[in-house]
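For reference, the structure discussed in these notes is given below.
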Amino acid sequence: MNSFRSVSSITLICLCWQILGSTASASTSLWGKKLVFMHPRCTWQLQPDVVLPAFKELTVCTLLRRTIDSEWTGFDYRAPGGGRMRLGGTSTKLSVWLFEEEHSLKWGLKLNEWYSVCVTWSGHARRLQIYINGSSEYEVSLNPLQYQLAPNGTLTLGMSHIIMSGEVKRETGKDLLGEIGRFRMWAREWSAEELGGRSCADGDLVRWDLTQWKSDCFPELDNNLKCAWSHYKIKMWTSMVPSTEPGNCSKSLEEVTQNWLQSIFPDNISVQHIRVSSPSRACRVVNNSAALSAQQPQESRALSNSTCDKCFRCEVNANVDPTAEVEVVQARILSLLNSTFSYDFLNLTAYPNSISILPVELPEVLKPLPTASTETPTSAFAPDTFFRVNLTLSMTGSPTKPEEVIEKWLKEQLEVNATMEVLNVIIKENVGRYDCTFNVQEYNINSVAEIIAFIHVALTAKYLNNSIIIQTTEVAVKHIVLANCLEENTSTIYGEYIWPETFPQENQKMGCNKPTLKRAYRLCKLDIETDTTSWADPDMKNCKQLVTISDLDNITVTTGNAAGVVDMIQDLIDVQLDHSESELSSSELDTVVDKLREVVHISGTTPAVGANIVNIVANILLSKTDLTPVAGIVLNLTDKMANNMDFPDESVSITAPLLALALINVNRNKFSGLTFGVSSVSPTLNPEIFVNQNFESGPLPDTNATISLPSELYNYFPPGERNTTRIQFQFYASNELFQDPYTNNATQTAGN
């Protein structure tokens, strides 16, 4: 407060910021209240000026109590062109109608009991889910052609409706005889965990506030519907007008607002963040400006010519500890802002109708979410912002694990405000210093320039912790623009899945084909080496296997599905040989080998597909499976795979337990010999390959096997500068593929 002693008398007046066309103050809050639907029937309809966007995903939550047994409707959303979502039911079932298709629980809601009902839907994931009292009771995969609800629809509570001549008309026989509380709508499909963190948070599309509804009846208080919450967002337009000759006006608008609120709020209400935007010399109140002007003193409508005059929009995040009922907090904050606060020459006043106080999700929203407004947003969400950081530092002291110390320091410096995350940390020691490369993911809150400046400041500050000192010598920060992972159709042993387009570093979730209540996950992963994104392998551990090895006989291998078939074989092998005593039967082994041979013969392979094939062979070698009958086929297919592999560089190496493969494309005119060595220390670990572009007369050090080719071999290479010859080395740390089947059979016969 001492910072204001040089400022002359200033009056701070908060004008309304009309979100969705109107304000949401404690006087219009529906928290702690219920809507009663009895005779005569009430009508609750979303205000026409609350324009809802097109939905590709959606969550709707409400409290509902039936008091008289009848067919009922909880809510009904009708979009132009036939799109519809309706919650309703009878005494024996609860149903959600989506695009006129009914999805039902085989039991109904009991009379005179409150239920929390949430409906989540994703058009991309083709999933509809129903939660009752926080538990998922129903999940189903949907028609992929119906993935969007049209915008500008009509929404009613407690009744089903139709549109006639542009008017909402009640659909008789489906009215709720009961009560509704806490109805909210979000433009996103929330998971069960995310729903649990929003039990008392308002929706971003439809809020629990009278200003968004028109009705011919009144809500009623209900002490059973109290909801205690901590996190709130206060939104307002603020006008700063000097009442006398101004003094020093150099204070920032954020500082003015923060000092004001910290002075009037009690200890249990803390200001966590203030965002100021749209500063100007005039206050432009959205829509209902005439009505607002009529409510305010005449002198507050215009600003003087002082340089201190400011009109700005502000959002304030506040925390209430301990938690308190939403309606109590809203009334308390409104009363505090409505009281005149004075010290020295400073008078601060806020008007009751100018404040929007919203309970928000826990933790506070880090990504901007869409709101229902008079404009339809073009996109519901924006991707996060990403950076690549190259850092060189020195460290004094003698930590036993310096890499862990450095990574912990990076996260302490950059993740302090929970607005960014450190990813993909690579640390290399280099002659007394450490070179670090990592990514930063920022939750799309600040500008790129602000983030880069923050990273520089955070990482160049000297760090001292006991005897350890970290000092940065070089920092380079690069903003990287990443593409989304595109929609991908995958055939797996768990069924077919269409993974929707996904933002970078977002973990996409989809319902399992079986069991339908479980979920699969797949990360759109950022690669630190290439600054690009790609789909990671899906996490299917919650899903039931639907394909067996015998089903491979029904798959025809093509150039388009060859890689997918190999992936499927690898998954089947991993499941089948999941412990050391497992093995493939002779028929299963024949099926796997035959299908791999088809893959190799159908087209050239990539290093990635080749690595998968080598891993499959290695996994079978490590098992109890007898490979002797198909050993020749396996050796031939790995040889053909290596010869047909396409790779852009001069060489490629592939290793797996018990196996190592090195492919080198050599030029006849530059060939001076070649030496291949391999070190294998354990049958369960990948061997290490050594390649020397010269002839070595003796074995390479620390190797189990060495093969050297003299330079004279160039005489057998095809002539011509453009001709290259591929040399491949294959190493097997097992003799399983080199047994004589006839000798083995004779031995077994003699033993019997």
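- A donor-acceptor distance shorter than 3.5 angstrom exists from the side chain of Gln413 to the backbone of Ala458, with no hydrogens or angles considered.
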Problem set entry | Residues Gln730, Thr638; criterion side chain to side chain contact (heavy atoms under 4.5 Å, CB included); working and verdict | CA-CA 9 Å; Gln730 295 191 29; Thr638 55; 3.5 Å; yes
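- Within the 3.5 Å criterion, the main-chain N or O of Gly632 finds a donor-acceptor partner in the side chain of Asn636.
- Partner of Asp551 under the side chain to side chain contact (heavy atoms under 4.5 Å, CB included) criterion, out of Ile555, Asn554, Asp553, Ile549: Asn554 alone.
- A 4.5 Å side-chain heavy-atom check between Leu391 and Glu474 finds every atom pair outside the cut-off.
- Annotation: side chain of Val599 is not in contact with side chain of Arg597 (no heavy-atom distance under 4.5 Å).
- Side chain of Asp435 to main chain of Lys428: no donor-acceptor pair is present (N/O by atom type, distance under 3.5 Å, no hydrogens or angles).
- For the pair Lys509 and Ser191, the minimum side-chain heavy-atom distance is below 4.5 Å.
- Taking CD1 from Ile664 and CD from Glu650, the interatomic distance works out to 8.5 Å, rounded to the nearest 0.5 Å.
- Ring planes of Trp409 and Tyr463: tilted class, angle from 30 to 60°.
- Shown here is Asn694, whose CG atom has more than 12 heavy atoms of other residues, nucleotides or ligands within 6.0 Å.
- Enclosure of atom CG in Asn489 by more than 12 non-hydrogen atoms of other residues, nucleotides or ligands within 6.0 angstrom is indicated.
- Proximity of a side-chain donor or acceptor of Asn542 to a complementary backbone N or O of Ala520 within less than 3.5 Å is not detected.
- Here the side chain of Thr625 pairs no donor or acceptor atom with the backbone of Leu627 at under 3.5 angstrom.
- With hydrogens and angles disregarded, no donor-acceptor distance shorter than 3.5 Å links the side chain of Arg388 to the backbone of Val440.
- Taking CG from Leu674 and CD1 from Ile707, the interatomic distance works out to 10.0 Å, rounded to the nearest 0.5 Å.
- Distance check: Glu588 CD to Gln576 CD gives 4.5 Å after rounding to the nearest 0.5 Å.
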Problem set entry | Test side chain to side chain contact (heavy atoms under 4.5 Å, CB included) applied to Asn439 and Phe386, step by step | CA-CA 7 Å; Asn439 293 122; Phe386 292 86; 5.6 Å; no
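- Of the inter-residue distances, the one linking Asn643 atom CG with Asp639 atom CG reads 5.0 Å to the nearest 0.5 angstrom.
- The closest donor-acceptor contact from the side chain of Thr473 to the backbone of Thr392 lies under 3.5 Å.
- Once rounded to the nearest 0.5 Å, the distance linking CG of Leu637 with NE2 of His601 reads 8.5 Å.
- In this structure, CZ in Phe671 is found 7.0 Å from OG in Ser711, a value given to the nearest 0.5 Å.
- No donor-acceptor distance shorter than 3.5 angstrom exists from the side chain of Thr655 to the backbone of Ala660, with no hydrogens or angles considered.
- Surrounding NZ of Lys525 are at most 12 heavy atoms belonging to other residues, nucleotides or ligands under 6.0 Å away.
- Residues forming a side-chain contact (heavy atoms from CB on, under 4.5 Å) with Glu404 (at least two apart in sequence, or on another chain): Lys401.
- The environment of Lys518 atom NZ is sparse: at most 12 non-hydrogen atoms of other residues, nucleotides or ligands sit within 6.0 angstrom.
- A donor-acceptor pair under 3.5 Å is absent between the side-chain atoms of Arg127 and the main chain of Cys512, judged by distance alone.
- Checked by atom type and distance alone, the side chain of Glu415 pairs as donor or acceptor with a backbone atom of Val422 at under 3.5 Å.
- Checked against a 6.0 Å centroid threshold, the rings of Phe690 and Phe676 do not count as neighbours.
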Problem set entry | Worked verdict on Arg522 versus Asp539 for salt bridge (charged side-chain N to carboxylate O under 4.0 Å, His left out) | CA-CA 6 Å; Arg522 198 178 188 193; Asp539 178 3; over 6 Å; no
